[in-house]
Amino acid sequence: MSNFSIREHSHRRLNILTGEWILVSPHRTKRPWQGKIEKPAQDNRPSYDPQCYLCPGNERVGGLKNPDYQNTFVFSNDFAALMHHSEEGTWQDGLLTAKSEKGICKVMCFSPNHALTIPEMDINSLENIISTWQAQYLDLGRMDFINYVQIFENKGELMGCSNPHPHGQIWAQSSIPMEVQKKSQKQKEYWELKNKTLIADYLQQELASQERIIIENNSFVALVPFWATWPYEVMICPIRPMPHIGQLSPQEKTDFAQILQATTTRLDNLFETSFPYSMGIHQCPTHKGHNYPEWHWHVSFYPPLLRSATVKKFMVGYEMFAEAQRDISPEMAADKLRNLSEVHYKVKHK
């Protein structure tokens, strides 16, 4: 009988949503750390910064002035990666191919308060954010040349965020991005086989074991996915299968706001720092005339901090040339996050 343990021995795990594998090496957490140590980021921002181009009433680069907004505020990115009025065409030279891409890039300010982050906002403010996400997904998705809408947030300098004001981005484009294509394919294969969503059955198994569950409420589950790549990666999933966030009921929207707050508070409390991350919502494409019953939307948080507020996880070496690898197992990460307080560390230290 084998003594193999996923908590103790090196092994590979399958990401059922993409079909990709990750190497997990839990025994390596015992090694001493002699790598790079970052200086902790200071977070002493005022509620209003006259130099911030996202604060209410301030002028942005290019001369446009922000309104005196009171809740969320969305505007077209002044330095958009995708353009609405882009030239259309295809370029080929032997094995080399390029194709034009049209799209719209928007910036979404979460709050007029420059000093806040998502875990520090109240439930009503978070519901306003969710309502704006819903409206943007639906409105952009109705455009004839838009087939996918990606909502995301880069939080913190470590994630390349150029402005600390609480904000995210919304990119809408003609093509389906590669990560979404992989998830679409795997979910469609499972739906055609089982007539159920892949994530619904995955949640059922995770809820039964409770090994990787962080927190749950009546409508949502936050967990460290079995195939997690980042040290404290988190996935938030609605219990009820839904292709996109536009289908949330009023109560589900409140439950989503509560689990967003509770999850991000735990991340901040882990190392008592404003935890940097990239967060993205994956939901069904917006092809007109398609219902996508196989799609089960979800939110992923990819946080880079590894051992403390000053030690970052880098994707280098084996991970760049072979496949993803992690030392802190998803079970270890979930154990730590599950047992943290839901009271934000800044409140506790006041």
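When every heavy atom of S111 is checked against every heavy atom of H165, the shortest pair comes out as O-NE2, 2.7 Å. Shown here for L260 and I118, the closest heavy-atom pair between the two residues is O-CG2, 4.4 Å. Residues A80 and C105 approach most closely at CB-CB, 3.8 Å, considering heavy atoms. In this structure, T197 and P293 approach most closely via the heavy-atom pair CG2-O, 3.7 Å. For the residue pair A200 and P241, the shortest heavy atom distance occurs at CB-CG, 4.1 Å. When all heavy atoms of T265 and E342 are compared, the pair lying nearest together is CG2-O, 3.4 Å.
Looking only at distances, a side-chain donor or acceptor of Q70 sits under 3.5 Å from a matching main-chain atom of D68. No donor-acceptor pair closer than 3.5 Å links the side chain of N128 to the backbone N or O of N71. Judged by distance alone, with hydrogens and angles left aside, the side-chain atoms of H296 form a donor-acceptor pair with the main-chain N or O of P238 at under 3.5 Å. Without hydrogens or angle criteria, N58 side chain to C52 main chain gives a donor-acceptor distance under 3.5 Å. In terms of modelled atom types and a separation under 3.5 Å, the side chain of N269 and the main chain of V343 share a donor-acceptor contact.
Taking the side chain as every heavy atom from C-beta outward, S184 and Q187 never approach each other to under 4.5 Å. Side-chain contact between P164 and H114: present, with at least one pair of heavy atoms (C-beta onward) separated by less than 4.5 Å. Side-chain contact between L305 and Y277 is absent, with no heavy atoms from C-beta onward closer than 4.5 Å. Residues H282 and S300 fail the side-chain proximity criterion, which asks for heavy atoms closer than 4.5 Å. Residues I170 and I104 fail the side-chain proximity criterion, which asks for heavy atoms closer than 4.5 Å.
When the salt bridge (charged side-chain N to carboxylate O under 4.0 Å, His left out) test is applied to R7, the partners found at least two apart in sequence or on another chain are E211, D335. In this structure, K253 has no salt bridge (charged side-chain N to carboxylate O under 4.0 Å, His left out) partners at least two apart in sequence or on a different chain. Remark: S278 engages N154 in a side-chain hydrogen bond (donor to acceptor under 3.5 Å, both in side chains) (not counting sequence neighbours). With sequence neighbours excluded, the residues satisfying side chain to side chain contact (heavy atoms under 4.5 Å, CB included) with Q173 are L82, E101, S175, P177. With sequence neighbours left out, W297 forms a side-chain hydrogen bond (donor to acceptor under 3.5 Å, both in side chains) with no residue at all. Residues satisfying the salt bridge (charged side-chain N to carboxylate O under 4.0 Å, His left out) test with K106, not counting sequence neighbours, are none. With sequence neighbours left out, the side chain to side chain contact (heavy atoms under 4.5 Å, CB included) criterion links H290 to H287, Y292. Partners of D268 according to the salt bridge (charged side-chain N to carboxylate O under 4.0 Å, His left out) rule, which considers only residues two or more places apart in sequence or in another chain, are K155. Every residue meeting the side chain to side chain contact (heavy atoms under 4.5 Å, CB included) condition with T132, not counting sequence neighbours, appears here in chain and number order: T72, V74, M108, Q136. H349 meets the side-chain hydrogen bond (donor to acceptor under 3.5 Å, both in side chains) test with E272; sequence neighbours excluded.
M83 CE: 12 or fewer foreign heavy atoms inside a 6.0 Å radius. Enclosure of atom CD in Q210 by more than 12 non-hydrogen atoms of other residues, nucleotides or ligands within 6.0 angstrom is indicated. In the displayed structure, K288 atom NZ is contacted under 6.0 Å by more than 12 heavy atoms of other residues, nucleotides or ligands. Within 6.0 Å of the CG atom in N339, the count of heavy atoms belonging to other residues, nucleotides or ligands exceeds 12.
Side-chain N/O atoms of D201 and Y190 include a donor and acceptor closer than 3.5 Å. Checking E120 against T117 by side-chain atom types alone, a donor-acceptor pair falls below 3.5 Å. A donor-acceptor pair shorter than 3.5 Å cannot be found between the side chains of W91 and T97. At a cut-off of 3.5 Å, with distance as the only test, a side-chain donor of Q251 or D255 sits close to an acceptor on the other residue.
Judged by the 6.0 Å and 45° rule, R13 forms a cation-pi pair with F226. R266 forms no cation-pi arrangement with F275, by the criterion of a distance under 6.0 Å to the ring centre and an angle within 45° of the ring axis.
Listed by first then second residue, pairs satisfying side chain to side chain donor-acceptor pair (under 3.5 Å) with a partner in residues 231-242 read Y232-K336, R240-E252, not counting sequence neighbours. Residue pairs satisfying the salt bridge (Lys or Arg N to Asp or Glu O under 4.0 Å) criterion with at least one member in residues 133-154, sequence neighbours excluded, are listed as follows: D139-R142.
Rounding to the nearest 0.5 Å gives a distance of 5.5 Å between CH2 of W133 and CZ of F256. Atoms CD1 and CG, from I259 and N217 in turn, are 4.5 Å apart once rounded to the nearest 0.5 Å. Interatomic distance, CE of M332 versus CG of D327, reported as 8.5 Å (0.5 Å rounding). Taken from CE in M242 to CD1 in I239, the straight-line distance is 9.5 Å, to the nearest 0.5 Å.
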Exercise for the section: With ring pair (Phe, Tyr, Trp, His ring centres under 6.0 Å) as the test, would you mind laying out the steps for W230 and F301 before giving the verdict? Expected result: CA-CA 9 Å; W230 293 93; F301 288 83; over 10 Å; no
Practice task
Evaluate side-chain contact (heavy atoms from CB on, under 4.5 Å) for I213 paired with V221, printing each intermediate quantity in order.
Solution key: CA-CA 7 Å; I213 301 294; V221 176; 3.5 Å; yes
Handout entry: CA sep, side-chain torsions, deciding dist, call: R307, K313, side-chain contact (heavy atoms from CB on, under 4.5 Å)
Key = CA-CA 9 Å; R307 291 172 176 242; K313 162 76 172 176; over 6 Å; no
Problem - CA sep, side-chain torsions, deciding dist, call: S125, D122, side-chain hydrogen bond (donor to acceptor under 3.5 Å, both in side chains) - result: CA-CA 5 Å; S125 297; D122 59 37; 2.8 Å; yes
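A salt bridge is absent between K188 and E294: the closest approach of a Lys/Arg side-chain nitrogen to an acidic carboxylate oxygen does not fall below 4.0 angstrom. By the 4.0 Å N-to-carboxylate-O rule, K194 lies too far from E189 to be salt-bridged with it.
I245 pairs in a side chain to side chain contact (heavy atoms under 4.5 Å, CB included) with only one of the listed residues (V299, I130, I151), which is I151.
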